Amino acid sequence: MTTEAHTKSSFGTAAYGGAGWVPRQMSHAQELGKLWASYRIDSEWRTLRAVIVHSPGPELDDDLDLEKSLMLEPLDGGKAREEHAAMCEAYRSAGIDVHHVRPEGRATPNQMFCADLFVMTPQGAIIARPAGQVRAGEERMMARRLADLGVPILKTLTGTATFEGADLMWLDEHTAMIGRGHRTNQEAIDQITTVLAEIGCETIPVDMPFGTMHFMGMLRTLDRNLAVCWPRRTPLATVRALQDRGYNVIFPPYEDDSASYRAMNFVTLGPRKILMVAGLAKYQDFLEEHQIECVPVVTDELSKAAGSVGCLTGVLARDVAP
Ligand SMILES: NC(=O)NCCC[C@H](N)C(=O)O
């Protein structure tokens, strides 16, 4: 039977461009905080508002093959979980919202390193594509949770691109620097350069030395005009780009690889305030001499998995430039 709706012409109706049609009113950027959640970052130092973490579960109790699972030493799952819970509490005490990935099924042992699984931009997230086979798919759990939280996903990497979020740092509101190295390849840099250009941002790639893991370990930003870099490891182009933007670049005392790595693995809570690994008195003294307020958390057990505060923390939202 033919109904009236099927015989009447659709020409001139709103659905086909007629006078009743109301075009979309706002740009994507304007819709952040309205249709989409307002999570975004345009710096590494403005006040931190929200993070995403994965609190490790039974996956750390397995008898892990250290090399295959990219760990440094066997770790005690119970202690690691306690340390992780204390880190989350430190964020909450600082007034920061803590979201959890809650992966479906049993998590993989590195799922807790959330900083590697995405990176935020001024207009949404870029989903990472971890370089090692053992971490493949962790990003899917992150993407699902980000979508649930209302975070727009600007890009999921394709082809054979590999990128880990800890390789991208914001130098200013319009400029990101990416470390090309063990975890992030040129194909990923090309794709990220394109997507960031679409939102008016420039991408500067720099090469990292063999034997290093992430760019995060070479550059941390403490304030609008203060950055800390790893002596002799940070690319010249990074230090110069920071100085050109008015940063005072400081270099902490070098002790040994392990201590220096953990010392750089902090998260900036806001201008001149950081959440850092406890037990690094020399570095803490150095930072305090530069008027940095340090909030220490113990990560002795978690560090055996080759990552610490910075790696465990997916930064979701900071205040943005006015
Ligand atoms: N950003 C980081 O430094 N993440 C640490 C990742 C450790 C993990 N075991 C890995 O090798 O991928």
Side-chain angles (χ1 to χ4, degrees), residues 32-33 36-57 80-103 107 110-128 130 138-139 141-153 164-170 176 214-217 219-222 262 264-278 293-299 302-303 305 307-320:
L32 293 175
W36 297 99
S38 60
Y39 300 122
R40 57 194 148 154
I41 68 166
D42 65 6
S43 79
E44 305 289 338
W45 56 269
R46 289 195 170 88
T47 301
L48 183 61
R49 297 293 179 192
V51 298
I52 184 162
V53 298
H54 166 61
S55 296
R81 285 187 283 274
E82 276 172 27
E83 290 179 356
H84 196 277
M87 183 188 80
C88 294
E89 193 43 45
Y91 280 125
R92 282 190 286 267
S93 303
I96 294 154
D97 291 337
V98 179
H99 298 283
H100 286 83
V101 179
R102 295 198 197 93
N110 288 298
Q111 182 79 54
M112 61 184 174
F113 293 116
C114 291
D116 301 335
L117 302 179
F118 74 107
V119 72
M120 288 304 290
T121 76
Q123 295 193 28
I126 295 173
I127 302 298
E138 290 175 12
E139 72 274 23
M141 303 301 137
M142 181 60 79
R144 190 181 70 153
R145 186 69 179 121
L146 293 178
D148 281 349
L149 288 169
V151 178
I153 292 174
E164 300 189 2
D167 277 336
L168 188 151
M169 300 291 133
W170 288 92
H214 291 116
F215 189 45
M216 171 190 272
L219 164 62
R220 302 268 73 197
T221 309
L222 296 155
R262 283 177 291 131
M264 290 295 282
N265 213 247
F266 61 78
V267 168
T268 301
L269 300 175
R272 293 185 188 247
K273 184 170 178 184
I274 63 169
L275 190 69
M276 73 174 288
V277 174
E293 185 187 343
C294 300
V295 181
V297 285
V298 175
T299 61
L302 289 161
S303 294
S308 205
V309 180
C311 319
L312 294 162
T313 306
V315 170
L316 264 183
R318 293 185 181 279
D319 287 353
V320 291

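In this text, all values refer to a predicted model and were calculated from it rather than measured experimentally.
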Closest approach of [X] to [Y] (non-hydrogen atoms, all atoms of both residues):
X      : Y      : result
Cys311 : Met216 : N-SD, 4.0 Å
Gly165 : Val119 : O-CG2, 4.0 Å
Ala86  : Val297 : O-CG1, 4.5 Å
Asp42  : Pro122 : CB-CG, 4.0 Å
Gly307 : Asn265 : C-OD1, 4.2 Å

Q: Apply salt bridge (charged side-chain N to carboxylate O under 4.0 Å, His left out) to Asp116 and list each qualifying residue two or more places apart in sequence or on a separate chain.
A: Arg135
(Q) Among residues at least two apart in sequence or on other chains, which ones pass salt bridge (charged side-chain N to carboxylate O under 4.0 Å, His left out) with Arg102? (A) none
Q. According to the side chain to side chain donor-acceptor pair (under 3.5 Å) rule, which pairs have a member within residues 87-98, sequence neighbours left out?
A. Glu89-Arg92, Tyr91-Thr313
4.5 Å side-chain heavy-atom contact, [X] and [Y]:
X      : Y      : answer
Tyr39  : Leu32  : no
His100 : Val53  : yes
Met120 : Val315 : no
His214 : Phe113 : no
Leu316 : Leu146 : yes
Phe118 : Ile126 : no
Arg40  : Gln123 : no
Leu149 : Ile52  : yes

[X]: side-chain contact (heavy atoms from CB on, under 4.5 Å) partners, not counting sequence neighbours:
X      : value
Thr221 : Glu44, Trp45, Leu219, Tyr247
Asp148 : Arg145
Ala107 : His54, Glu59, Pro103, Gln111
Ser303 : Arg262, Thr299, Ser308

(Q) Please enumerate all residues that pass ring-ring contact (aromatic ring centres under 6.0 Å, His included) together with Phe266, with sequence neighbours excluded. (A) none
Q: With sequence neighbours excluded, tell me which residues meet ring-ring contact (aromatic ring centres under 6.0 Å, His included) with His84.
A: none
Enter the distance from [X]:[atom1] to [Y]:[atom2] here, rounded to the nearest 0.5 Å.
X      : Y      : atom1 : atom2 : result
Asp319 : Arg49  : CG    : CZ    : 4.0 Å
Met141 : Cys114 : CE    : SG    : 12.5 Å
Lys273 : Thr268 : NZ    : OG1   : 12.0 Å
Ile96  : Leu269 : CD1   : CG    : 4.5 Å
Leu302 : Glu82  : CG    : CD    : 10.5 Å
Glu139 : Ile127 : CD    : CD1   : 8.0 Å

Q: Give the intermediate values and the outcome of side chain to side chain contact (heavy atoms under 4.5 Å, CB included) for residues Val309 and Met276.
A: CA-CA 7 Å; Val309 180; Met276 73 174 288; over 6 Å; no
Q. Hey, is the main chain of Arg318 close enough, under 3.5 Å, to the side chain of Arg46 for a donor-acceptor pair?
A.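 Here the side-chain-to-backbone pair does not exist.
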Q: Give a yes or no answer on whether the side chain of Arg81 reaches the backbone of Gly57 with a donor-acceptor pair at less than 3.5 Å.
A: yes
